[in-house]
Structure formats: C-alpha cells, structure tokens
Trainee: 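Have a look at the structure that comes next, please.
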4 protein chains.
Amino acid sequence: MNRPRRTDPGRRERILDAVLDLIARDGSAGATYRSVAEAADVPMGSMTYHFPTRDDMLLAAFGRLAEQMQERFDQIMAEPLEGEDPRERVVQLIATHGAGYGRDMVLSAELYALAVRDERYRVLIQSWMERSRASLRRHFSADAAPVIDALHEGLVLHSHISTEPFDVDRVRSAVYRLIEPAPIPPADVPAQETP
Amino acid sequence: MNRPRRTDPGRRERILDAVLDLIARDGSAGATYRSVAEAADVPMGSMTYHFPTRDDMLLAAFGRLAEQMQERFDQIMAEPLEGEDPRERVVQLIATHGAGYGRDMVLSAELYALAVRDERYRVLIQSWMERSRASLRRHFSADAAPVIDALHEGLVLHSHISTEPFDVDRVRSAVYRLIEPAPIPPADVPAQETP
Amino acid sequence: MNRPRRTDPGRRERILDAVLDLIARDGSAGATYRSVAEAADVPMGSMTYHFPTRDDMLLAAFGRLAEQMQERFDQIMAEPLEGEDPRERVVQLIATHGAGYGRDMVLSAELYALAVRDERYRVLIQSWMERSRASLRRHFSADAAPVIDALHEGLVLHSHISTEPFDVDRVRSAVYRLIEPAPIPPADVPAQETP
Amino acid sequence: MNRPRRTDPGRRERILDAVLDLIARDGSAGATYRSVAEAADVPMGSMTYHFPTRDDMLLAAFGRLAEQMQERFDQIMAEPLEGEDPRERVVQLIATHGAGYGRDMVLSAELYALAVRDERYRVLIQSWMERSRASLRRHFSADAAPVIDALHEGLVLHSHISTEPFDVDRVRSAVYRLIEPAPIPPADVPAQETP
DNA sequence: GATGAATGAGCTTTCATTCAT
DNA sequence: CATGAATGAAAGCTCATTCAT
C-alpha cells in the first residue's frame with residue numbers, strides 16, 4: 001500500500017534477479033512484466049520504464065546471468081595450481097556443475113533455447129564461450145580448449161537429464177584421455193599458443 | 001469455409017508435425033492451439049478433442065520428435081561397417097548434426113529447456129539417450145558410450161552457437177583421443193561388454 | 001474402457017441423481033453434459049439421446065427432486081397423530097429441514113432461482129406447493145395452510161443462512177401463535193374445508 | 001468505435017448495475033464479462049482491471065444489491081408512525097414486495113442460490129438480515145423480529161411463485177396473529193428490548 | 001437405438017504495452 | 001522521472017450440440 005521508494009538504487013539488479021528466479025521456476029514464459037514486478041516489489045507501470053519491452057528485460061537478465069556464470073567458471077579455473085595436474089580442475093568443474101546447480105542448468109537451457117533462434121541471445125553465449133575458452137587456454141592448448149568446453153557442456157547437460165548417479169571416475173578418465181598429458185605450465189603464463 | 005472433413009486419417013500426425021514446425025520457428029510458446037490449428041488446417045475446436053490440454057499436445061509432439069531423431073541416430077550408427085574404424089562413424093554423426101540440421105537443434109534445445117524442469121519431458125530424453133548409448137555400445141565399451149554421447153551433444157550444441165566454421169579435423173582428433181583404438185569388432189556382434 | 005451396458009435399466013434415474021448431486025455441489029451451471037455423463041458413468045454421446053437439450057435434463061432432474069421432497073413432506077405430515085397437537089408436526093417439519101438437509105436446501109434455492117425466471121420450473125414448484133398445502137389442510141384450515149407453508153419456507157431458508165443456532169422454542173412459539181388452537185380433527189378426516 | 005473515455009467516473013457503478021440487470025434477465029450465468037462489458041459500454045479488456053475475476057464482479061454486484069435493498073426496507077420501516085399499529089407496516093412491506101418488484105425477487109433468488117453454497121455470499125445476506133431485524137426491533141420484540149422476517153420472506157417468495165392473486169387480507173390476518181398486539185411504542189424509542 | 005467423433009461459439013483470464021499525469 | 005489506469009489482442013479451455021455409423 002505505501003511504498004515510498006523515492007530513490008531505489010539497485011532496483012534494476014533486483015528486477016533482473018527476479019526475472020532469473022522466475023525463469024528458473026517457470027521458464028522464460030513465466031517471467032511476465034506482472035510476475036516480475038510483484039517478485040521484485042516494483043510497480044508494474046515502472047517495468048516498461050526500465051525495460052521498454054519484455055524482450056529487453058529478458059535479454060538484460062540473461063546478460064546478467066552470463067556474467068555471473070563466467071565469473072564462477074573463471075574462479076575455478078583461474079586459481080593458481082601448485083604442481084597439480086590442470087586436468088583435475090576440469091574434472092572438478094564438471095563435477096561441480098554436474099551434481100547440483102540445478103538453477104543454473106535450467107537457466108542455461110532456457111538461454112540455449114533462445115540462442116539457437118535469436119542472434120541477440122546467441123552473442124551472449126558466444127562471448128561467454130570465448131571467455132571460458134580463454135580460461136582454459138591458460139592451461140591447455142588452443143586446440144584442446146573448445147573440445148574440453150564441449151565435453152564439459154555435454155557431460156553436465158546429460159548428468160542433469162540422466163537418472164544415473166554422477167560418476168566422477170568416468171569423467172576423470174574421459175578428461176584425461178581427451179587431453180594429452182601436457183607439461184604443467186608455470187602459473188604466470190597467461191595463455192598457451194598453439195605452436 | 002466448407003471443410004466437411006468428416007473422416008480425416010493422419011490428422012493427429014499432421015497436427016504434431018505442425019506443432020514441431022511452429023516450435024522450430026517460434027519456440028514452444030509459439031505453438032498455441034490457434035497457430036497449430038491454422039497450420040494444420042484443423043478447426044480450433046477440434047484441437048482440444050485430440051489433445052485436451054496444450055501440454056498434452058506439446059508432450060506428444062516432442063514424443064514424436066524423439067522417435068524421429070532416435071531413428072536417424074540409429075540409422076547412421078547401425079549400418080555395418082566393413083573394416084572401417086567405428087570412431088569414424090561418430091565423427092560423421094557429429095559433423096552431420098553440427099553442420100546443418102538447424103531445425104532439429106532448435107527443437108532439441110526447446111526440449112531440453114522443458115526437460116530440466118519437467119519430469120515428463122525428461123523421460124523422453126532419457127529413453128532416447130538410452131537408445132543412443134545402446135547404438136554406441138555396438139561398437140564401443142559400455143563405459144565409453146555415455147562419454148561419446150556427451151561429447152557429441154556438446155560439440156553439436158556449441159557448433160550451432162559458435163561463429164567459427166565447423167572443424168571436422170578437430171572433432172576427429174578429439175574423438176580418436178577420447179576413444180581407445182579398440183579392435184574393430186566383427187559386424188555381427190550386437191554389443192560389446194566391458195571386460 | 002469396456003463398458004458393455006447393452007441394456008441399462010435405471011440409467012435415466014441414475015443420470016438424474018447425478019444431475020442433482022452436481023447441482024448440489026456446483027450449482028446449476030455445474031451440471032454439464034460432460035460432468036453428468038462422467039458422474040453417472042454414461043457415455044457422453046448418449047446424454048443427448050436421453051435428454052435432447054441440457055435444459056430438458058435440468059427440468060427432469062428438478063421434477064424428480066420435487067417428487068422426492070413432496071414425498072418426504074407428506075410422510076411427516078400424513079402420519080396419524082393420536083391426541084397430539086397437529087401444530088407440533090409443523091414445528092417438527094421446520095426443525096427437521098432447518099437443521100441439516102443442506103443438500104435439499106441448495107437444490108431448492110437453485111430451483112427457486114430458475115423458477116422466478118422460467119415458467120416451466122415455476123409449475124414444478126406450484127404443484128409441489130399445492131400438495132404441501134393439501135397435506136396441511138388435513139390438519140388446518142384452508143386459509144391457514146398457505147401461511148404455514150410460507151412461514152415454514154422462510155424459517156428454513158433463514159436458518160440455513162443465519163449463523164445463530166436453530167431455536168426450536170422460538171419456532172414453536174411462532175407456529176402456535178400463527179395457528180389458532182383448532183380442535184384436533186379425527187385422523188380419518190382427509191382434509192378440512194373452510195366453512 | 002472511438003471511445004476515448006480516458007477518465008470515466010462512475011464506471012464501476014455502471015458496470016455493477018449492468019451486472020444486476022443481466023442477472024435479473026438471464027441469471028447469474030448470464031452476466032459474463034462479455035455481456036456486461038457490452039451492456040455497460042466498457043471495453044472488455046477493462047473489465048478485469050476493475051474486477052480481476054468474474055466472481056469478484058458478481059460479489060461486488062450483489063453487495064451493491066444488498067445495500068440497495070436494505071435501504072428500501074429501512075425506509076418503509078423507519079418512517080415514524082402516528083398512532084398507527086406498527087404491524088400494518090409489516091403488512092405493507094409484504095404487500096409491496098409480494099406484488100411486483102419482480103426484478104428484486106429474481107436477484108434475491110439468485111443471491112440465495114449462491115449463498116447456500118458460498119460463505120462469501122452468505123455474509124452478504126447475513127448483514128442484510130441483521131439490519132432488517134434491527135429495523136423490526138424498533139417496533140417489535142427481539143424475539144419476534146426474526147420470525148416476522150421469516151414470514152415476510154416466505155410470503156413474498158411464494159407470492160412470486162404462486163398463480164393465485166396476492167391476498168392482502170390473509171397476510172394481514174397472519175401478521176396480526178403472529179405478533180402479539182404490543183402497545184404502540186412512542187416514535188422516538190429506538191428499539192424495544194424483550195422484558 | 002446408442003454413441004464416438006467432431007466443432008462453432010463463447011468463456012474467463014492473462015498480458016504487453018500505451019499514455020496522461 | 002515514474003506510475004496507475006487502461007485496453008486490444010490473444011490465449012487456453014469448456015461446452016452444448018450435431019451427426020455418421
């Protein structure tokens with residue numbers, strides 16, 4: 001009834017988070033101006049002020065999602081490893097996303113569904129993919145990166161669909177087989193170029 | 001205006017095909033009773049007779065899709081190979097789906113988006129996955145099958161997102177590395193068990 | 001799946017009972033061909049065979065209701081009374097219908113709502129009213145009968161609306177005041193005419 | 001065709017009146033969003049803005065009806081009577097509602113039909129009943145009020161169903177018999193308590 | 001006679017978007 | 001800048017009724 005909200009910093013972010021929550025729960029179609037406004041406690045009439053069309057809103061939300069997920073990917077991959085086989089990092093990454101992180105899985109799936117039909121969403125994934133690969137190139141060859149990324153994608157996706165329990169050993173064995181036992185690069189080398 | 005159409009065999013299939021076409025073009029949300037009825041040239045009032053709820057309709061359509069895609073997967077994998085390395089078949093499969101088959105990609109992506117949130121769609125993919133793996137087990141070990149399947153999934157998906165041209169050689173090299181150079185099994189052996 | 005039902009006597013009655021049950025639960029609007037067919041375990045396509053229009057069905061159902069309720073009214077009033085004040089019978093009648101018999105109350109209310117707008121339903125109540133009054137004339141004057149009937153109607157109706165507990169004493173006192181203490185007629189006298 | 005109608009005060013009331021008109025003519029089921037919008041000359045899309053669900057609309061309309069009918073009841077009962085037997089007022093009330101006021105009768109019947117099944121409508125009648133009784137208590141004992149109210153209800157209802165002409169004398173005789181010939185209270189005494 | 005299949009009409013409701021303030 | 005009020009369009013779904021068999 002009485003929401004003064006003269007200045008409301010962070011409103012934009014709060015809206016976008018609400019959008020993502022609703023998509024996670026009900027799919028992209030579930031994030032309507034109405035449902036989002038209610039979830040974010042924002043007057044409905046203001047929605048179009050911040051995001052002129054519903055599509056603007058979705059695009060912005062998925063943009064935020066892409067950022068967040070890139071960061072997490074980076075964090076796991078970027079930590080310097082002391083004498084550890086970098087392939088173990090990949091295994092960890094797949095295991096982390098494969099078991100749990102259901103919300104992200106749902107959101108990613110929705111994003112992919114939009115991306116295969118709409119350029120604007122596709123570029124979102126493209127830049128995210130590029131950054132993931134850049135992260136991977138810190139430890140692996142430029143040729144290996146896209147393939148590792150694809151295996152990661154497929155394994156995580158399937159693990160969320162399958163009824164079988166997640167099998168880390170099988171993943172490890174696959175990752176080790178896929179990636180040649182490269183010499184562990186020193187931590188300060190930013191990325192490895194293909195010779 | 002005057003469509004008697006008292007008996008109309010194949011109507012159900014025509015509807016489902018229309019549903020898939022519309023989903024491919026506009027996403028799941030685009031397959032409304034109205035749009036489908038028009039596309040399939042069926043009176044709107046009849047739609048709910050065949051599919052009481054819109055969800056029934058979508059589920060049936062994706063069921064049909066799963067069948068069709070299983071068949072194609074099977075066909076490529078099932079042909080007997082004479083002295084050929086079976087891994088080449090996998091390469092071919094990925095190349096086929098990676099370049100082109102945009103319609104199937106879009107449909108799959110929509111199906112996954114539904115599957116991660118809804119059990120009923122998930123089982124559709126599960127049975128399809130199981131059959132794909134069974135196909136793969138004709139040539140590879142039971143342990144390798146899920147991983148090959150996942151790599152296939154990830155590479156195809158990424159190739160539809162990426163701007164880079166599809167690189168068969170990189171795929172081949174990845175597939176060969178992932179799968180141990182197993183002795184080519186005789187064509188009449190149905191499936192290979194892990195030792 | 002397999003309901004042979006070659007001959008199905010009593011089907012008509014089963015249907016009508018189902019209609020009344022549904023009206024009691026959901027109002028007249030709730031008794032659709034579909035809902036009734038399901039409740040009576042009768043094929044939907046057969047409904048229009050027994051009752052060509054929905055209105056025929058409702059009318060028949062309310063006709064059945066009127067019959068049933070007349071019978072109950074008669075039963076309570078018709079029993080010979082030995083030296084008992086007949087006004088006590090009226091009190092009993094009101095008490096019986098006032099507390100409980102919610103189903104009948106709902107059905108009556110629906111019937112009245114139809115009757116005030118539709119002649120065909122009105123005659124149903126008229127004949128039922130006439131019989132009630134005839135019953136009452138067995139014990140009371142022709143002039144008293146309609147008024148007793150009206151008091152009965154009003155008290156029962158209000159008791160189903162009111163939150164106060166049903167108060168028999170107040171009813172008795174009202175009934176006794178309304179009806180002059182007529183001499184108890186011999187049980188074999190069918191009805192009393194106004195002099 | 002071109003209705004700017006940016007601001008339209010009284011729109012809400014106009015809608016509710018249209019609802020009652022339609023219910024009077026076609027029953028509760030006849031007051032659809034469509035029919036009401038047309039009757040009140042309001043865009044259909046606006047209906048749900050003012051009344052989010054059809055039930056909200058009906059409830060509001062019957063609320064308005066209850067108010068209107070309370071007022072009329074009050075007016076007839078509240079006028080000070082100079083030396084007149086207050087029981088004559090009751091006779092007049094019954095006569096007024098018994099002959100004519102068909103629209104109100106239809107609306108009341110529909111309201112009762114809803115009330116016996118739905119608490120929300122029931123409270124509407126309850127408050128209306130309470131106010132009627134309060135009005136009656138200005139002239140009669142607290143014990144008599146509910147009974148007079150019930151007789152009123154029953155007689156009016158039956159008079160709208162019956163084919164017989166309305167008989168004022170019979171009503172008067174009944175009312176006088178039911179209510180003890182209380183001493184006429186002075187007009188300024190608000191209500192009479194039971195001794 | 002009895003019924004499964006079919007459908008035109010209409011219903012309630014949701015929604016993206018507009019716009020005056 | 002921000003928003004409450006409003007609305008055209010369309011959605012999912014229900015239903016009485018028809019009719020060939």
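Quick note on labels: first sequence line is chain A, next is B, and so on, each numbered from 1.
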Trainee: Looking at every strand, decide which applies to A:Arg54 at a 4.0 Å heavy-atom threshold: base, sugar-phosphate, or nothing.
Mentor: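 The answer is sugar-phosphate, as A:Arg54 gets under 4.0 Å only of primed atoms, P, OP1 or OP2.
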Trainee: Would you mind classifying the nucleic acid contact of C:Met47 as base, sugar-phosphate or nothing, using non-hydrogen atoms under 4.0 angstrom?
Mentor: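 No contact.
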Trainee: Using a heavy-atom cut-off of 4.0 Å across all strands, would you classify A:Thr32 as base, sugar-phosphate, or nothing?
Mentor: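 Answer is sugar-phosphate: A:Thr32 comes under 4.0 Å of backbone atoms only.
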Trainee: Once Watson-Crick and G-U wobble pairs under 3.5 Å are found, how is DNA chain F written in dot-bracket notation, 5' to 3', with | for any base paired to another strand?
Mentor: .||||||||||||||||||||
Trainee: On a heavy-atom basis, which atom in B:Ala60 and which in B:Arg12 lie closest, and how many Å separate them?
Mentor: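 Nearest heavy atoms, B:Ala60 then B:Arg12: CB-NH2, 4.0 Å.
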Trainee: In plain terms, say whether A:Arg103 and A:Asp21 are close enough for a salt bridge, that is, a side-chain N and a carboxylate O under 4.0 Å apart.
Mentor: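 So A:Arg103 pairs with A:Asp21 through a salt bridge.
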Trainee: In whole angstrom, what separates A:Tyr33's OH from E:dT17's P?
Mentor: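 Interatomic distance, OH of A:Tyr33 to P of E:dT17: 5 Å.
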Trainee: So, OP1 or OP2 of E:dC15: does either fall under 4.0 Å of a side-chain N or O from A:Arg34?
Mentor: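 Negative; the distance criterion is not met.
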Trainee: Is the backbone of B:Thr53 close enough, under 3.5 Å, to the side chain of B:Tyr33 for a donor and an acceptor to pair up by distance?
Mentor: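 A pair under 3.5 Å: yes.
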Trainee: Mark yes when over 12 heavy atoms from residues, nucleotides or ligands other than D:Glu38 sit less than 6.0 Å from its CD; otherwise mark no.
Mentor: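 Result for CD/D:Glu38: open.
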Trainee: Kindly say if D:Tyr49 contacts the phosphate of F:dA5, meaning a side-chain N or O under 4.0 Å from OP1 or OP2.
Mentor: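 Looking at the OP1 and OP2 atoms of F:dA5, one of them is under 4.0 Å from a side-chain N or O of D:Tyr49.
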Trainee: Please give, in whole Å, the distance from F:dG12 P to B:Leu59 CG?
Mentor: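 It is 16 Å, rounded to the nearest whole Å.
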Trainee: Starting at the 5' end of DNA chain F and moving along, which residue's nearest nucleotide shows up first, A:Met44 or C:Ser35?
Mentor: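 Per heavy-atom nearest nucleotide, the more 5' residue is A:Met44.
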Trainee: What is the distance from CZ of A:Arg12 to P of F:dC1, rounded to the nearest Å?
Mentor: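 Between P of F:dC1 and CZ of A:Arg12: 15 Å.
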Trainee: What is the distance, to the nearest angstrom, from the CG atom on A:Asp56 to the C1' atom on E:dA16?
Mentor: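 In whole Å, E:dA16 C1' lies 12 Å from A:Asp56 CG.
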Trainee: Look at the side-chain N and O atoms of A:Arg11 and state whether any lies under 4.0 Å from the OP1 or OP2 oxygen of F:dT3.
Mentor: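 Looking at the OP1 and OP2 atoms of F:dT3, one of them is under 4.0 Å from a side-chain N or O of A:Arg11.
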Trainee: Write down the distance between CG (D:Leu22) and P (E:dT12), rounded to a whole number of angstrom.
Mentor: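 The answer, rounded to whole Å, is 12 Å.
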Trainee: Nearest whole angstrom, please: distance from the P of E:dT18 to the CZ of A:Phe51.
Mentor: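 Between P of E:dT18 and CZ of A:Phe51: 17 Å.
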Trainee: For the residue pair A:Gln68 and A:Asp104, establish whether any side-chain heavy-atom pair is separated by less than 4.5 Å.
Mentor: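 No - every pair of side-chain heavy atoms lies 4.5 Å or more apart.
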Trainee: Mapping B:Ser46 and D:Thr53 onto DNA chain E by nearest heavy atom, which one lands closer to the 5' end?
Mentor: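 Of the two residues, B:Ser46 wins.
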Trainee: Less than 4.0 Å between a side-chain N and a carboxylate O, is that true for A:Glu119 and A:Arg122?
Mentor: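 Result for this pair is yes, salt bridge flagged.
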Trainee: Taking 4.0 angstrom as the limit, do A:Asp26 and B:Arg117 come out as a salt bridge?
Mentor: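 Salt bridge between A:Asp26 and B:Arg117, a charged N being under 4.0 Å from a carboxylate O: no.
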Trainee: Which residue lies toward the 5' end of DNA chain F, A:His50 or B:Gly45, if each is placed at its nearest nucleotide?
Mentor: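 Closer to the 5' end of DNA chain F: A:His50.
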Trainee: With respect to the side chain of D:Thr48, which nucleotide from E:dT3, E:dT13, F:dT3 is positioned closest?
Mentor: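 The answer is E:dT13, which lies nearest to the side chain.
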Trainee: Within this structure, what is the CD-to-P distance between C:Glu38 and F:dA16, rounded to whole angstrom?
Mentor: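 Those two atoms, CD and P, are 14 Å apart.
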Trainee: According to the interplanar angle, ranging from 0 to 90°, do the rings of A:Trp128 and A:Tyr112 count as parallel (below 30°), tilted (30 to 60°) or perpendicular (above 60°)?
Mentor: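 Ring orientation of A:Trp128 relative to A:Tyr112: tilted.
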Trainee: B:Asp26 CG to F:dA11 C1': how many Å, rounded?
Mentor: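 Checked: the CG to C1' distance equals 15 Å.
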